[in-house]
Structure formats: structure tokens, C-alpha cells
Amino acid sequence: MTYYLDSHAHIISEEFEADLDQLLERARLADVNRIMIMCTTEAEIDKAFSLVDSDPFRFACAYGIHPEDANDWENRWDRFCEIIRDPRIACVGEIGLDYYWVKDNKPVQRELFIRQIEEARAVHKPILVHSRDAIQDTYDIMKAHLIPGVMHCYSGS
């Protein structure tokens, strides 16, 4: 039997709310039997957990503070730490650096990325890394903080 795993699906986003059931059926018909649900806001977590609870084989969940939200990370930190400790969170992500959209807060993004890596290590979970136009900084941080994970939105060679 052939089946596929979607390792990065933002299916809880608003744009899929109206037809989520149809989306999931299309995935099933295309032999996408496992889906990693990506959550980047607290509002997405309960919906994602509901899917994980309904079918823990088919669904897994990842949560992280996206680099585009780095300027507000301190207000979200305690809740982030609480969420990633939930056993329904399989990975910490999508985390990392994005210098394409936001260029004026690189030190803040780097600090947030490192802090999330450290928290992921503390809860023994891999990371899902977003790296856009920031490959050298991403590489340097990942080399200094070795942890298993997957790269996403990778703009390097």
C-alpha cells in the first residue's frame, strides 16, 4: 500500500475552515494518510488538538512562534512553553528566521529562535525550521544548538 505523509500542513488556517472536511477527504483519496498540522497561533491549537484526538495515527501537531511574529514573542512565551509540553505536540515549529518579510528585527528573531530551540530540547521534541533569506544565521544557530529537526522554506543551496 502506498501512502504519503504531509509534514507541513496549515489546514487549520481560516482559508480552509469552510471546507476542512472536503480537504481531508481529498487528502485521503490521494493516499495522504498522515498529516502534521502546523499551528503558529494559540487560536489554532484547540482545533488542531481536536483532530489529533479524533485520529492520533492520522494527525500530529506542531506549534511554534513564527519568525514573522517575533516582535510579540515575549507576550506569548509562557503560553508557548505550556503548549509545547502537551503530549499532542509532536514537534516545535515552525520556528526560525525570516529576513525576507521583516528585516529590521534580526536580533529579536535570532533570540526567539534560540529560546525555542532550548525549550524544544527541554521537552525532548524535534524542531521544524523556517529559514528564508537567513541561511547563514540559521546555519550558525543550528550548528551551535544541535537538535534533530526538519528544514522548511529553505532558501539555501
Side-chain angles (χ1 to χ4, degrees), residues 4-17 20 23-24 27 32-52 56 58-157:
Y4 300 96
L5 177 142
D6 185 335
S7 65
H8 193 103
H10 289 273
I11 62 173
I12 301 300
S13 299
E14 283 182 19
E15 60 263 30
F16 300 116
E17 218 168 25
L20 180 59
L23 178 148
L24 295 174
V32 178
N33 295 343
R34 310 235 22 221
I35 299 174
M36 176 66 71
I37 303 168
M38 301 302 300
C39 298
T40 59
T41 68
E42 291 81 4
E44 295 172 339
I45 292 299
D46 288 335
K47 293 177 191 175
F49 281 170
S50 178
L51 284 174
V52 173
R58 186 172 186 200
F59 301 108
C61 188
Y63 177 69
I65 302 172
H66 194 279
E68 289 179 12
D69 298 323
N71 288 336
D72 188 41
W73 76 267
E74 289 176 341
N75 293 326
R76 298 174 58 188
W77 186 252
D78 290 342
R79 182 73 175 124
F80 162 80
C81 292
E82 178 185 327
I83 290 168
I84 66 166
R85 280 166 174 70
D86 190 294
R88 294 171 290 185
I89 297 292
C91 304
V92 176
E94 122 181 44
I95 65 174
L97 305 173
D98 191 321
Y99 299 165
Y100 181 82
W101 293 111
V102 183
K103 297 172 179 36
D104 64 346
N105 70 346
K106 293 177 183 179
V108 174
Q109 287 189 46
R110 288 190 294 266
E111 179 184 359
L112 174 60
F113 186 27
I114 292 167
R115 295 274 308 262
Q116 290 184 98
I117 289 171
E118 291 169 350
E119 284 301 309
R121 182 184 323 286
V123 296
H124 310 289
K125 294 183 181 180
I127 60 174
L128 303 174
V129 179
H130 175 103
S131 177
R132 188 168 187 192
D133 289 355
I135 194 56
Q136 189 61 55
D137 283 352
T138 301
Y139 174 76
D140 291 344
I141 289 169
M142 292 184 70
K143 187 174 179 185
H145 302 272
L146 296 175
I147 187 169
V150 173
M151 296 293 292
H152 160 73
C153 193
Y154 181 73
S155 59
S157 61

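Excluded from the calculations below are hydrogen atoms, water molecules and symmetry mates; all remaining heavy atoms, backbone and side chain alike, are included. This one's a predicted model, so the numbers in the text were calculated from it and none came from an experiment.
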Side-chain heavy-atom pair Y4, N33 within 4.5 angstrom cut-off:
no
By side-chain hydrogen bond (donor to acceptor under 3.5 Å, both in side chains), which residues pair with Q109, not counting sequence neighbours?
N105
Compile the donor-acceptor pairs under 3.5 Å between side chains in residues 138-145 and protein atoms, sequence neighbours left out, one pair per line.
residue, atom, partner, partner atom, Å
T138, OG1, S131, OG, 2.9
T138, OG1, A134, O, 2.8
D140, OD1, Q136, NE2, 2.8

Is the closest side-chain heavy-atom distance between I127 and I95 below 4.5 Å?
yes
Find out whether Y63 and T40 are in side-chain contact, i.e. whether some heavy atom of one side chain is under 4.5 Å from a heavy atom of the other.
no
Test salt bridge (charged side-chain N to carboxylate O under 4.0 Å, His left out) on R85 and E119 and set out the steps.
CA-CA 9 Å; R85 280 166 174 70; E119 284 301 309; 3.1 Å; yes
Across all chains, not counting sequence neighbours, the side-chain hydrogen bond (donor to acceptor under 3.5 Å, both in side chains) partners of D133 are none
I35 vs L51, side-chain contact (heavy atoms from CB on, under 4.5 Å): CA-CA, chis, key distance, verdict:
CA-CA 10 Å; I35 299 174; L51 284 174; over 6 Å; no
Does a side chain donor of either D137 or Y99 reach within less than 3.5 Å of an acceptor in the other side chain?
yes
On a heavy-atom basis, which atom in F59 and which in I11 lie closest, and how many Å separate them?
CE2-CD1, 4.4 Å
Does the cation-pi check pass for R115 over W77, that is, NZ or CZ under 6.0 Å from the six-membered ring centre and within 45° of its axis?
yes
Residues 32-47 vs salt bridge (Lys or Arg N to Asp or Glu O under 4.0 Å), sequence neighbours excluded, gives E17-K47, E42-R76
With side chains defined as the heavy atoms from C-beta onward, is the minimum distance between C61 and F49 less than 4.5 Å?
yes
Residues passing the ring-ring contact (aromatic ring centres under 6.0 Å, His included) test with H10, sequence neighbours excluded, are H8
Using modelled atom types only, decide if a donor and an acceptor are shared between the side chain of K106 and the backbone of K103 within a distance under 3.5 Å.
no
Indicate yes or no for a side-chain donor-acceptor contact from R110 to the backbone of G96 under 3.5 Å, with no hydrogens or angles considered.
no
With sequence neighbours excluded, residues passing side-chain hydrogen bond (donor to acceptor under 3.5 Å, both in side chains) with R132:
none
What heavy-atom pair brings D98 and H66 nearest, and what distance separates the two atoms?
OD2-CE1, 4.5 Å
